[in-house]
Q: 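Just dropping this structure here.
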Amino acid sequence: MPDPYPFEKTVKAQILERFQQQYHTAPAGIAHAPGRVNLIGEHTDYNEGFVLPMAIDRGIWIAFRPRTDRRVRLYSLDFEESMQFSLDALDQKQSWAGYVHGVAWALQTAGQPLTGWDGVVMGNVPIGAGLSSSAALELAVARVFAAVSGLDWQPIEMALLCQRAENVWVGVNCGVMDQLVSALGRAQHALCIDTRSLHTEYVPFPSSARIVVFYSDAPRSLAASAYNQRRAECEEAVRRIQALTSQVRSLRDLTPESLDAFRSYLPETIYRRARHVVTENARVLASVQAMRTGDLESLGRWMLASHRSLRDDYQVSSAALDKLVALAMDAGALGARLTGAGFGGCAIALCRTAHAEQLASEVIAAYNAQTGLHGEAYAVVASDGAGIDE
Ligand code: GLA
């Protein structure tokens, strides 16, 4: 049986060794939080819609030991730098340290009494590639704070506090999908989230299928500003529709048909943004059905339809992502799409397990040859959410 977590051992060995060097003792535990791929349901989470992400076997690990005071010292093996601060003097820095301060800020603002700790952090989720390295870091940090401070680990509450850290402290206006799935993921399952009620449902990921991630190696240009612009366009659609009816609180309340009735009242771009969100919600629900019945062909078709909608109506794809999707489909994938916010980052493909390795190498060889970029491919498996290894 192949090891389903082939990277975990090497990451853990490295942080344990570094912890010993840095602090001359063994850690009390290792906290872990996963990155994610989103199978379908893109740009729906800030419209009270549905999403279907899956936590993956790549993430962030933090070896830690509690302190008796309120200082935090943390060494990052990825950045080869250390940081330290007092929980009484948090600071709105940029870079990875900002997430650590931000989580401390969000927990303390929610009234949670925190204790300091020493730690070593390392990850194997590519940074800034659209696989939620930041949500994984936030949840891993929250897990350490909960462990050393004796807090009850409430995954949904913690995910919401980490989202708040990112929104308010780091200044990225993301929805709640990434933090929720990093907190709640489950091995062999995707997680369907109703972002209006926060009701979640685990959907078994068919064992005969695999997800291959393709990293485009193309920068996520304008990601933050374009993301905020799309959010504003969705809000504008809702405002204009609300001027005509009191029945619509968010785009979640519309079906493709009911949206069409408002078409002539909306500027074309705004209509298209809304059409993506409304049709995407329907695709998520159809995909959940397809997964439950093991209908991989239909699931693949919904994924491809999602990509086209993101490319044409929502306009958040890129030439690199379109190329990866086209190459994956040519190479026999059942479906493929960009994953995450778009504007660069990663695409994913759905294929049969036996086909995963060949698909990964064929697509990336063609992509790198045609673009001169250094794309990468890896098959991923659904994994558990944030936890502690004692
Ligand atoms: C980013 C955000 C999520 C979500 C996706 C798009 O990953 O963090 O909240 O909005 O983009 O679906």
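Whatever order the structure lists them in is the order used to number ligands and atoms, beginning at 1.
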Q: For atom 5 (C) of ligand 1, find the nearest protein heavy atom and state the residue, atom name and distance (0.1 Å precision).
A: Met177 CE, 3.8 Å

Q: Under a 3.5 Å cutoff, is there a donor and acceptor pairing between the side chains of Arg283 and Ser287?
A: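 No donor-acceptor contact under 3.5 Å links the two side chains.
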
Q: Could you tell me which atoms of ligand 1, counted from 1 in the order shown, lie closer than 4.0 angstrom to a heavy atom of Gly175?
A: 9 (O)

Q: Measure the spacing between CD of Glu157 and CG of Leu151 and express it to the nearest 0.5 Å.
A: 9.5 Å

Q: Would you kindly say whether Arg273 and Gln315 are connected by a side-chain donor-acceptor distance under 3.5 Å?
A: yes

Q: Given a cutoff of under 4.5 Å between side-chain heavy atoms of I, L, V, M, F, W and Y, with clusters grown through shared members, what are the other residues clustered with Ile156?
A: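 Besides Ile156, the cluster holds Val51, Leu160, Val176, Met177, Leu180, Val181, Leu184, Leu191, Ile193, Leu198, Tyr202.
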
Q: Distance from Leu87 atom CG to Arg71 atom CZ, nearest 0.5 Å?
A: 9.0 Å

Q: If we only count N/O pairs under 3.5 Å, is Tyr227 in contact with ligand 1?
A: yes

Q: Tell me the protein heavy atom at minimum distance from atom 9 (O) of ligand 1, and give that distance in Å.
A: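 Looking at atom 9 (O) of ligand 1, the protein heavy atom closest to it is Asp45 OD2, 2.6 Å.
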
Q: For Tyr46, counting its heavy atoms only, list the atoms of ligand 1 lying under 4.0 Å from any of them.
A: 10 (O)

Q: For ligand 1, does Arg36 get within less than 4.0 Å through its side chain, its backbone, both, or neither, judged by non-hydrogen atoms?
A: side chain

Q: Checking side chain to side chain donor-acceptor pair (under 3.5 Å) between Ser306 and each of His276, Arg311, Arg301, Glu280, which is the one that passes?
A: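 The option that passes is Glu280.
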
Q: Among protein heavy atoms, which lies nearest atom 8 (O) of ligand 1, and at what distance?
A: Asp178 OD2, 2.7 Å

